[in-house]
Amino acid sequence: MQGRWQGLGRKQTAFPWERRSTSPPYLYYSLFCYFRKIIFEKQWFYLDNAIGHIYGTTFEVTSGGNLQPKQEVEETSTETKEAGTDNRNIVDDGKSQKLTHDDIKALKDKGIKGQEIVQQLIENSTTFRDKTEFAQDKYIKKKKKKYEAVITVVKPSTRILSTMYYAREPGKINHLRYDTLAQMLTLGNIHAGNKMIVMETCAGLVLGAVMERMGGYGSIIQMYPGGGPVRAATSCFGFPKPFFDNLHEFPLSKVQSLLSGTFSTETLPAEPEENTLVEEESNGLSEEKQSSLQEAEEEPAPEAPMDINPTEEQDTMDISAEDVEFKENKEKENKENVREKQMKQWERRKKLQEAAALLREKNADGLIVASKFHPTPLLLSLLEFVAPSRPFVVYCQYKEPLLECYTKLRERGGVINLKLSETWLRNYQVLPDRSHPKLTMSGGGGYLLSGITVVLEKDKSDSSNPEALKMEEPSSKRCKLQDLPC
């Protein structure tokens, strides 16, 4: 088995592994999930030994599931390969291999490496020498993939993650193919120092691609539906903390109120009232202690009977003291939770105000939309926050919504260079004497609507006024129309 493992950065929880459809398989996981047993294609191992190695290091799975850096061994074979001229006389009846499954399992139990198992499979195959040289290479590659456990750690990138999602779970990214995503970044003119607005429901893949292209410089405003943004794929890039300092978020439900000027958040304190909360807690605890002491003083002490043991009395006093201490600790913990919740709410409202202030400037350098919702209302609303002479790109899996959006934009005005395009991709196998298009290819990668914003003159948009249309006509044309006989 050959695989490639992907270090996914800061995320502590395990990210589900993904597999590309092409060979060799690509596997992506968080390198911080060490001390956990990983199972992939009937192979299990631990990632402890991968920590500390550079990207591109190749490991071999040894006995016990441990990873050991693989040492490159040069294959120096002076023997000439015996190969047939064609494969027409080879019959795949399942009887050409002398080794059975039990024999192969016994070899694995003895601890024999995958390379030796592949060599024994070749020696015990009755039809291997009759195959052509190309067929022999294909056979060896297939058996190595099955029996050799080789893991390579690679650095996360937009291309790797987009390929992974498109191969395994395309529904999560709205069937956004990696070449379509690359065109979106190009048409949107994404570069460092931009102020971008991103509206996507692709598990954070488009957002991560924009952040990677900008390199931590500039600002990004993510528009999200529902209760909060989804950034599952964004966390897989392993961005450092400064990348998230200029990442803002704003809910779609409050866009109309922001445009109409009625947007307002709850009243925010100038500073977090941390000192006040601490004082209240200390006062509350002191009052509770004083009241408990007063009650203890006021309560008359019962007369102890003659047969009570002093040790039992001491035990009851210890138990009551422990109960009081437990109650105090529990109340203190509850108040700390309330204070932490208030701090989080305060920080969230503060970030919301910052994002609203950036949107009110209406000088964004670009707009990227890749959503499962209908693009027309989204685009018409979000274009209000984009400065003139700036690009915008809209992705949709189907062309009909984009056709409607195209028509609405033509009627509305304020945009130029409108283009509706479909990307077409075909993969080629490039090998000596056998380069050709691959038999399977992607049926479609979605559609893109792109354009450039311009200043929208409201006087010219009123096409229902004939006097306004008449005044727009040149003077020479108006004279000619007036001279014509009825």
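In this structure, NZ on K438 lies 12.5 Å from CZ on R426, to the nearest 0.5 angstrom. Separating the CG atom in L161 from the CD1 atom in I173 is a distance of 10.0 Å, to the nearest 0.5 Å. One distance of note links OG1 of T57 with CG of N49; it measures 12.0 Å at 0.5 Å rounding. Atom-to-atom distance recorded for L418:CG and S450:OG is 7.5 Å, nearest 0.5 angstrom. Rounding to the nearest 0.5 Å places CZ of F59 at 9.0 Å from CG of L47. Remark: R213 CZ to L185 CG distance equals 4.5 Å, nearest 0.5 Å.
Looking at heavy atoms from C-beta onward, E404 lies out of side-chain contact with E400 at the 4.5 angstrom threshold. Contact check for L383 versus L409: side-chain heavy atoms found under the 4.5 Å cut-off. No side-chain heavy atom of L187 sits under 4.5 Å from any side-chain heavy atom of P391. For the pair F392 and V369, the minimum side-chain heavy-atom distance is 4.5 Å or more. With a 4.5 Å cut-off on side-chain heavy atoms, P156 and Y55 count as touching. No side-chain heavy atom of C405 sits less than 4.5 Å from a side-chain heavy atom of L378. In this structure, the side chains of N337 and K341 stay at 4.5 Å or more apart for every pair of heavy atoms. When side chains are defined from C-beta on, R412 counts as touching L456, because their heavy atoms get closer than 4.5 Å.
Taking all atoms of both residues into account, the shortest heavy-atom contact from G193 to D365 is O-OD2, 4.3 Å. Nearest heavy atom pair, residue V393 against residue G188, reads CG2-N, 3.6 Å. In terms of heavy atoms, G444 sits closest to Y166 at O-OH, 3.3 Å. In terms of heavy atoms, R390 sits closest to G366 at CB-N, 4.5 Å. Here the closest heavy-atom approach between residue M223 and residue L382 is recorded as CE-CD2, 3.9 Å. Of all heavy-atom pairs spanning G446 and E422, the tightest one is O-CG, 3.8 Å.
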Quiz item: Are Y224 and V230 close enough, and set up right, to give a side chain to side chain contact (heavy atoms under 4.5 Å, CB included), and what steps lead you there?
Solution: CA-CA 8 Å; Y224 65 89; V230 179; over 6 Å; no

Self-check item: Verdict with reasoning, F237 to M211, per side chain to side chain contact (heavy atoms under 4.5 Å, CB included)
Solution: CA-CA 9 Å; F237 283 85; M211 293 175 65; over 6 Å; no

Practice problem: Go through the steps for L247 and R231 under the test side chain to side chain contact (heavy atoms under 4.5 Å, CB included), then give the verdict. | Solution: CA-CA 12 Å; L247 176 60; R231 297 172 182 171; 3.6 Å; yes

Quiz item: side chain to side chain contact (heavy atoms under 4.5 Å, CB included) between K351 and E249: does it pass, once the steps are laid out?
Solution: CA-CA 8 Å; K351 290 181 180 179; E249 55 194 44; 5.6 Å; no

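Atom CD1 of I416 is surrounded by more than 12 heavy atoms from other residues, nucleotides or ligands within 6.0 Å. Other residues, nucleotides and ligands contribute at most 12 non-hydrogen atoms within 6.0 Å of the CG atom of L439.
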Name every donor-acceptor pair, under 3.5 Å, that has one atom in a side chain of residues 195-203 and the other anywhere in the protein, sequence neighbours excluded.
from	atom 1	to	atom 2	distance (Å)
K195	NZ	L358	O	2.8
K195	NZ	E361	OE1	2.9
K195	NZ	N363	OD1	2.6
E200	OE1	C202	N	2.6
E200	OE1	G204	N	3.4
E200	OE2	G204	N	3.2
E200	OE2	L207	N	3.2
T201	OG1	N174	ND2	3.3
T201	OG1	K372	N	2.9

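Side chains of E212 and T158: a donor-acceptor N/O pair is present below 3.5 angstrom, by distance only. For the residue pair S257 and T262, no side-chain donor N or O sits within less than 3.5 Å of a side-chain acceptor on the partner.
Each of L367, I221, L258 was evaluated against F385; a single residue qualifies, L258, per the side chain to side chain contact (heavy atoms under 4.5 Å, CB included) test.
Looking only at distances, no side-chain donor or acceptor of T180 sits under 3.5 Å from a matching main-chain atom of L176.
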